[in-house]
Amino acid sequence: GSAVDTEKFIIAYNNAHSGSPHMLALKSNNSAGKIGFFTNSTERMTINSAGAVTMPYQPSFAVSRNAGHVTGGNVWVGNVVRSNIGGHYSSSNGRFTAPVTGSYHIDVMLMSRDDSTYINKNYGIRINGSVFNRAYSTSTSTAHHQWQWSGTIRLNASDYVDILNVNLAIYSTDSDYSHFSGHLIG
């Protein structure tokens, strides 16, 4: 019989549309007990011996804001970028732009100022400028209130998500109280 190299498997194929050769390499490092997935000699995904999957290049972002309160009718723009893997969030316009078509998990938590009562107030999670969903609340007290929305949405490549403050006064002078984040699920 022939020997099999258990350290490295390479699959080469041609792209039918471009005719260009492409390669997918699957490597197993038996001493570490992991499997790595590579493109262009860069490890893109790892499965370790316990089965944990890591994808260090998976598009994701997490932002907050400390540049001043945001009034109704304005987009909430996170200026404190805590993470931006792939660079798909813009801290100049508050948009996360999907790099590929897929399902994305989005989290938004915004806190109101404590300057008035908040009756029938909301902010909108928008896709390409159209409201997809709203976070809504009513309160008759003048305390800080937190509105949260979390969900999975389907985006096409180049679609963007942002947050429109419809009619709140959003507290945004300390980056610990409001945030916007998301990541590609697949």
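Here the structure is a predicted model, which is why all the values come from computation and not from measurement.
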Subject >> From N74 atom CG to L168 atom CG, the distance as rounded to the nearest 0.5 Å >> reply: 11.5 Å

Original post:
Do the side-chain N and O atoms of H105 and S150 include a donor-acceptor pair separated by under 3.5 angstrom?
Top reply: yes

Original post:
Is there a donor-acceptor contact under 3.5 Å from the side chain of N167 to the main chain of N120?
Top reply: yes

Subject >> Euclidean distance, N128 CG relative to D162 CG, rounded to 0.5 Å >> reply: 9.0 Å

Original post:
For residues N79 and N66, is any side-chain donor paired with an opposing acceptor at under 3.5 Å?
Top reply: yes

Subject >> Ring centers of F61, F180 separated by less than 6.0 Å >> reply: yes

Original post:
Are the side chain of D174 and the backbone N or O of D176 linked by a donor-acceptor pair below 3.5 Å?
Top reply: yes

Original post:
Any chance the side chains of S178 and W76 put a donor and an acceptor closer than 3.5 Å?
Top reply: no

Original post:
Between R82 and S64, do the side chains contain an N or O donor and an N or O acceptor separated by less than 3.5 Å?
Top reply: yes

Original post:
Atom CD1 in I85, atom NE2 in H183: separation rounded to 0.5 Å?
Top reply: 11.5 Å

**OP:** May I ask whether I185 and F96 are part of the same hydrophobic cluster, defined by side-chain heavy atoms of I, L, V, M, F, W, Y residues being less than 4.5 angstrom apart, directly or through others?
**Re:** no

Original post:
CD1 of I170 to NZ of K121: how many Å apart, nearest 0.5 Å?
Top reply: 11.5 Å

**OP:** Tell me whether the centres of the aromatic rings in Y171 and Y177 are closer together than 6.0 Å.
**Re:** yes

Original post:
Counting distance only, does the side-chain N/O of Y104 pair as donor-acceptor with the main-chain N or O of S60 below 3.5 Å?
Top reply: no

Original post:
Is there a donor-acceptor pair closer than 3.5 Å between any side-chain N or O of N165 and the backbone N or O of V75?
Top reply: no

Subject >> N156 side chain vs D159 backbone, donor-acceptor pair below 3.5 Å >> reply: no

**OP:** Calculate, to the nearest 0.5 Å, the distance between atoms CD1 and CG belonging to I125 and L164 respectively.
**Re:** 10.0 Å

**OP:** Please answer whether the main-chain N or O of S92 pairs with a side-chain N or O of S90 as donor and acceptor at a distance below 3.5 Å.
**Re:** yes

Subject >> pair I127-Y160: side-chain heavy atoms closer than 4.5 Å >> reply: no

Original post:
So, T101 versus R154: side-chain donor-acceptor pair below 3.5 Å or not?
Top reply: no

**OP:** Consider only side-chain N and O atoms of R44 and T39, and report whether a donor and an acceptor are under 3.5 Å apart.
**Re:** yes

